[in-house]
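Atoms considered below: every heavy atom in the structure, side chains included; atoms not considered: hydrogens, waters and symmetry mates.
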Amino acid sequence: MTTSFPMNAGDGLYSYSKNSHFQKEIIDGVKEMVRDAIIRKLDIKTILSSSNTLRITELGCSVGPNTFSSMQHIVEALKGQSILEFQIFFNDQVTNDFNTLFQSLPVDRSYYASGVPGSFYDRLFPSRSIHFLHSSCAINWFSKLPKELLDEKSPAWNKGRIHYVGASNVEIVNAYVAQFEKDMEMFFNARAEEIVPGGMMVLVTPFSGYVRLLGFFGSSLMDMVNEEKLDESLVDSFNLPLYYPSPQDMTKVLINIKSNLVDEADAKTLMMSIRSSIEGVTINHFGSKIAEEACARTIIKSEEISEWMKVNYEKPSILFVALKRK
């Protein structure tokens, strides 16, 4: 099964590479945790008993520059382990702009780079070939939308909303949770085959905070419906294929990261960051003209969003999961 939802576009209406501020804060906020996990849990001598090349993969790499920052943090943490060479596999959907990714590779990098297109809910690598796996802000994307959300006769029909957040119908939330569990089962089964014994996996994903701001984008779409610029059925049939797992959803370590975006209530910057991440799926469903106008309308609401943030906004929290393969 191949995921049909693009992670992020590098050259779309709104460049992810220039506007992924929130994703960058997450990466910077956990870099010391990644380093500590490597030092405490990764036995280099054991996993490299017959080789001097350590193979790393970044799942959901998009087009940079955040992925390069993550990889630099990891390589630096491992450099003192007497490893001679690093090979990094950058993975994302087949629709990802790998040309932009590789044209942006740091010239002073200390690793060999390769691209691996495909869904990370499927197998991507040979058995026992990966020593270290990293993924940030990616596993919250579904492999596909739950079918119940697309059925008008289903109790989970999400009329007038584009996401499960704020939905009063528990069936909608249950459909999202069930799809997340199915996806995670496929994800972990594939990784169990690919990671060498003693190898590590680090997963980072937001679970609260800016997710609730997605409702403002949905309200912009409904504004266009009320102005008869958009057919309501298009909104009713659109659901963002995103789920933000709670600490109860998976093995976890919960941390809070300080966010300048939130502390300053910089709604415009934050909404631009959200826009850059969901642009691909909105264009696929509504077309570029409607997607662009809905995003622009949401940005215009920055003052209203800022006031809401001061009263209601949760500090952004993330799940940091570090797993070692037996």
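- Counting heavy atoms of neighbouring residues, nucleotides and ligands inside a 6.0 Å radius, atom NZ of Lys324 exceeds 12 of them.
- With hydrogens and angles disregarded, no donor-acceptor distance shorter than 3.5 Å links the side chain of Asn96 to the backbone of Cys61.
- When all heavy atoms of Ile172 and Ala156 are compared, the pair lying nearest together is CG1-O, 3.5 Å.
- In this structure Asp223 satisfies the salt bridge (charged side-chain N to carboxylate O under 4.0 Å, His left out) test together with Lys301, sequence neighbours excluded.
- For the residue pair Thr57/Asn91, the side-chain donor-acceptor check at 3.5 Å is not satisfied.
- To the nearest 0.5 Å, atoms CG (Leu234) and NE2 (His285) are separated by 5.0 Å.
- Lys159 and Glu152 are not joined by a salt bridge, as no carboxylate oxygen comes within less than 4.0 angstrom of a charged side-chain nitrogen.
- In this structure, Ile44 CD1 and Asn52 CG are separated by 11.5 Å, a value rounded to the nearest 0.5 Å.
- With a 4.5 Å cut-off on side-chain heavy atoms, Trp141 and Val281 count as touching.
- Side chain of Arg123 to backbone of Phe125: a donor-acceptor contact under 3.5 angstrom is found.
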message: Checking Glu148 against Glu171 for the side-chain contact (heavy atoms from CB on, under 4.5 Å) test, could you report, in this order, the C-alpha distance in whole Å, the side-chain angles of both residues, the deciding distance, and whether it holds?
response: CA-CA 9 Å; Glu148 300 93 328; Glu171 296 293 337; over 6 Å; no
task: Evaluate the side-chain contact (heavy atoms from CB on, under 4.5 Å) criterion for residues Phe187 and Leu59: first the C-alpha distance (whole Å), next the side-chain angles of each, then the deciding distance (0.1 Å), finally the verdict.
output: CA-CA 11 Å; Phe187 180 90; Leu59 302 185; 3.8 Å; yes
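- Atom CZ in Phe86 sits 10.5 Å away from atom CD1 in Ile74 (nearest 0.5 Å).
- Shown here is Arg297, whose CZ atom has more than 12 heavy atoms of other residues, nucleotides or ligands within 6.0 Å.
- Contact check for Arg35 versus Glu32: side-chain heavy atoms found under the 4.5 Å cut-off.
- Remark: Asp231 pairs with Ser233 by the side-chain contact (heavy atoms from CB on, under 4.5 Å) rule, at least two apart or across chains.
- The side chain to side chain donor-acceptor pair (under 3.5 Å) test with Glu76 singles out one residue from His73, Lys79, Gln72, and that residue is Gln72.
- In Glu227, the CD atom is crowded: over 12 heavy atoms of neighbouring residues, nucleotides or ligands sit closer than 6.0 Å.
- Within a 6.0 Å sphere centred on CZ of Arg109, heavy atoms belonging to other residues, nucleotides or ligands number more than 12.
- By the criterion of side-chain heavy atoms lying less than 4.5 angstrom apart, applied directly or through intervening Ile, Leu, Val, Met, Phe, Trp or Tyr residues, Val170 is not grouped with Tyr176; the two fall into different hydrophobic clusters.
- Trp157 and Phe238 fall into different hydrophobic clusters, where Ile, Leu, Val, Met, Phe, Trp and Tyr are joined by side-chain heavy atoms under 4.5 Å apart, directly or via other members.
- Between the side chains of Glu193 and Asn189, no donor-acceptor pair of N or O atoms lies under 3.5 Å.
- Residue Leu221 holds its CG atom at 14.0 Å from CZ of Phe216, rounded to the nearest 0.5 Å.
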query: How far apart are the C-alpha atoms of Ile56 and Leu78, what are their side-chain angles, what is the distance that settles it, and do they pass the side-chain contact (heavy atoms from CB on, under 4.5 Å) test?
result: CA-CA 11 Å; Ile56 301 168; Leu78 290 164; 4.1 Å; yes
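- Put simply, OG1 on Thr282 and CD1 on Ile290 are 11.0 Å apart, with the number rounded to the nearest 0.5 Å.
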- prompt: Does the side chain to side chain donor-acceptor pair (under 3.5 Å) test come out yes or no for Asp151 and Ser154, once each step is laid out?
  reply: CA-CA 5 Å; Asp151 183 0; Ser154 167; 5.2 Å; no
message: side-chain contact (heavy atoms from CB on, under 4.5 Å), that's the test. Do Lys31 and Ser69 meet it? Break it down for me.
response: CA-CA 9 Å; Lys31 64 181 180 181; Ser69 178; over 6 Å; no
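- Between Tyr164 and Tyr243, the ring planes lie tilted relative to each other; the angle falls in the 30° to 60° range.
- Between Tyr121 and Phe142, the gap from one ring centroid to the other reaches at least 6.0 Å.
- Shown here are the ring pair (Phe, Tyr, Trp, His ring centres under 6.0 Å) partners of Phe68, two or more places apart in sequence or in another chain: Phe90.
- In this structure, the separation between CD on Gln87 and OG on Ser129 is 9.5 Å, given to the nearest 0.5 Å.
- Taking each heavy atom of Ala322 and Lys41 in turn, the nearest pair found is O-NZ, 3.3 Å.
- Comment: Glu194 engages Arg191 in a salt bridge, judged by a side-chain N to carboxylate O separation of less than 4.0 angstrom.
- Following chains of ILVMFWY side-chain contacts shorter than 4.5 Å, one cannot reach Leu101 starting from Tyr112, and the two form parts of different hydrophobic clusters.
- Using a 4.0 Å cut-off between charged nitrogen and carboxylate oxygen, Lys289 and Glu293 do not count as a salt-bridge pair.
- More than 12 heavy atoms of other residues, nucleotides or ligands shown are found within 6.0 angstrom of CZ on Phe102.
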